[in-house]
J.: 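Below: one structure in structure tokens.
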Amino acid sequence: QSFFKPIQGASPQSPTSQITKITVVGVGNVGMAIAQTILTQGIADEIALVDVNVDKLRGEMLDLQHAAAFLPRTKISASIDYSNTTGSDLVIVTAGARQITGESRLNLLQRNLALFSKVIPPLAAKSPDTIFLIVSNPVDVLTYVAWKLSGFPSNRVMGSGTNLDSSRFRFLIADHLDLNAQDVQAYIVGEHGDSSVALWSSISVGGVPILSFLERQQIAYEKQTLEKIHKKVVESAYEVISLKGYTSWAIGYSVASLARTILRDQRSIHPVSVLAKGFHGIDGGEPFLSLPAQLGRNGVLGVTNVNLTEEEATQLRVSARTILEVQAQLGI
Ligand code: 6V0
């Protein structure tokens, strides 16, 4: 029995509606920040949460559901069973093992590889047409792992990569010049983390290329300032983790912006981790690392043909080699 009575002459059939469904795997600090940003921005009709911690999973689901009166209508479900993720348009993976004191990065990676071996195949089977967006660290290598384990075409597997690093970069430049960060165009590419590469030549404010402007003004010392800003970007995550224990809000907004671009086919450009083979002289393997990519409903639509200086291209290839060395030790 329905709450509403149909109006006179109405057809009993409703047109099949197109539901947008996002799965978020891992309801830790990062997964929940992503889920709540997606909710407040009304990006999905349905969010399916997955975790191995049953109580935490149900608690987080209920807590979000209780905000329904203040949010765009979104169905929120949670289950440890992957059947609940069936038919997802986008699967965001934030599940990750935490580094144990004294544990090497490689050991942590081996544990996350084991975790991904359990998580990725059932997700891919339940949503064979989905797009994977990997967030768990080390994000570039784990995006490669997800690509291998899913058997998906490369355009449907990407990592959040340096989208966050670039946002931090834009914030710090805007803060330094007293501007709005949304008016600052600037890209950090390569590995998400220590060997990331700042594309100086790409920095512009309101259409004015910053470096050539500064060079005309002979403010050479500003270049040093920009280099300091890049160093600060690399240190940002460590700083936030040492102060509050984890990072969450910025990665939440960063990933939600990627979700919106993909699902609403916005075709905007984001630096994300993609299969970088063949770009800027990167060869000798299949590394995933961040390049400015155009994103839309079909995932990665292409990579911007950005002009790198010789120094930037060399740094990018070093970044690629670092990632390839790690990938080679995985044995997949
Ligand atoms: P967290 O708070 O420990 O949450 C991890 C969650 O994963 C927990 O709720 C676990 O129960 C869950 N989990 C573990 N195993 C499984 C499994 N097999 N299936 C489903 N869920 C599982 O970590 P936090 O949320 O802080 O971070 C998550 C990951 O994101 C880590 O790998 C971080 O390093 C990474 N980040 C990546 C960033 C990026 O820019 N790419 C930024 C921030 C964090």
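Since this is a predicted model, take the numbers as computed values, not measurements. Quick note: residue numbers are just sequence positions, from 1. Only heavy atoms go into these numbers, but all of them, side chains included; no hydrogens, no water, no symmetry mates. First listed ligand is number 1; within each ligand, the first listed atom is number 1.
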J.: Would you find more than 12 non-hydrogen atoms of other residues, nucleotides or ligands less than 6.0 Å from Lys231 atom NZ?
T.: no
J.: Can you tell me the protein heavy atom closest to atom 22 (C) of ligand 1 and the distance?
T.: Ala95 CB, 3.6 Å
J.: Do the side chain of Ser127 and the main chain of Gly87 share a donor and acceptor less than 3.5 angstrom apart?
T.: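 Flag set: sc Ser127 to bb Gly87 pair under 3.5 Å.
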J.: Closer than 4.0 angstrom: is that true for some heavy atom of His192 and an atom of ligand 1?
T.: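 Flag set, His192 near ligand 1.
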J.: To which of Leu49, Asn137, Asn29, Asn112 does the heavy atom nearest atom 31 (C) of ligand 1 belong?
T.: Asn137
J.: What protein heavy atom sits nearest atom 28 (C) of ligand 1, and how far away is it?
T.: Thr94 O, 3.0 Å
J.: Got an N/O contact under 3.5 Å between Val135 and ligand 1?
T.: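 Checking ligand 1 against Val135, an N or O pair does fall under 3.5 Å apart.
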J.: Can you tell me the protein heavy atom closest to atom 16 (C) of ligand 1 and the distance?
T.: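 Result for atom 16 (C) of ligand 1: Val52 CG2, 3.6 Å.
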J.: Which of these, Asp51, Ile251, Asn53, has its nearest heavy atom closest to atom 11 (O) of ligand 1?
T.: Asp51
J.: Run the numbers for me: atoms of ligand 1, each under 4.0 Å from some heavy atom of Thr247, listed by number.
T.: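 Answer for ligand 1: 42 (C), 43 (C).
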J.: Which residue and non-hydrogen atom of the protein lie closest to atom 4 (O) of ligand 1, and at what distance in Å?
T.: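 Checking every protein heavy atom, the shortest distance to atom 4 (O) of ligand 1 gives Gly28 CA, 3.3 Å.
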J.: Would you say the side-chain atoms of Asp140 pair up with the backbone N or O of Ser273, donor to acceptor, closer than 3.5 Å?
T.: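 Pair absent, no side-chain N/O of Asp140 close to backbone of Ser273.
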J.: Around atom 3 (O) of ligand 1, find the nearest protein heavy atom and jot down its residue, atom name and distance.
T.: Arg98 NE, 2.9 Å
J.: Under 4.0 Å, heavy atoms only, figure out whether ligand 1 is touched by the backbone of Ser160, its side chain, both or neither.
T.: side chain
J.: Quick check against the 3.5 Å criterion: does Lys56 have a side-chain atom that pairs as donor or acceptor with the backbone of Gly28?
T.: no
J.: Determine whether a donor-acceptor pair (N or O, by modelled atom type, separation under 3.5 Å) exists between the side chain of Thr162 and the backbone of Asp165.
T.: no
J.: Residues in side-chain contact (heavy atoms from CB on, under 4.5 Å) with Phe279, at least two apart?
T.: Leu291, Val303
J.: Under 4.0 Å, heavy-atom basis, I'd like to know which part of Leu115 is in contact with ligand 1: side chain, backbone, both or neither.
T.: side chain
J.: On the 0 to 90° scale, with breaks at 30° and 60°, tag the Phe288-Trp147 ring pair as parallel, tilted or perpendicular.
T.: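 Correct class here is tilted.
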J.: Check the surroundings of atom CZ in Arg58: do more than 12 heavy atoms from other residues, nucleotides or ligands lie under 6.0 Å from it?
T.: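 No.
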J.: Hey, could you give me each pair passing ring-ring contact (aromatic ring centres under 6.0 Å, His included) that has a residue in residues 102-133? Not counting sequence neighbours.
T.: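 Residue pairs with at least one partner in residues 102-133: Phe132-Phe152.
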J.: Please list the nearest protein heavy atom to atom 5 (C) of ligand 1 with its residue and the distance rounded to 0.1 Å.
T.: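 Checking every protein heavy atom, the shortest distance to atom 5 (C) of ligand 1 gives Gly96 O, 3.9 Å.
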J.: Give the atom numbers and elements of ligand 1 that come within less than 4.0 Å of a heavy atom of Leu164.
T.: 40 (O)
J.: Do the side chain of Ser319 and the main chain of Gln315 share a donor and acceptor less than 3.5 angstrom apart?
T.: no
J.: Can you report which non-hydrogen protein atom sits closest to atom 24 (P) of ligand 1, along with the distance?
T.: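 Going atom by atom, the protein heavy atom closest to atom 24 (P) of ligand 1 ends up being Val30 CG2, 3.7 Å.
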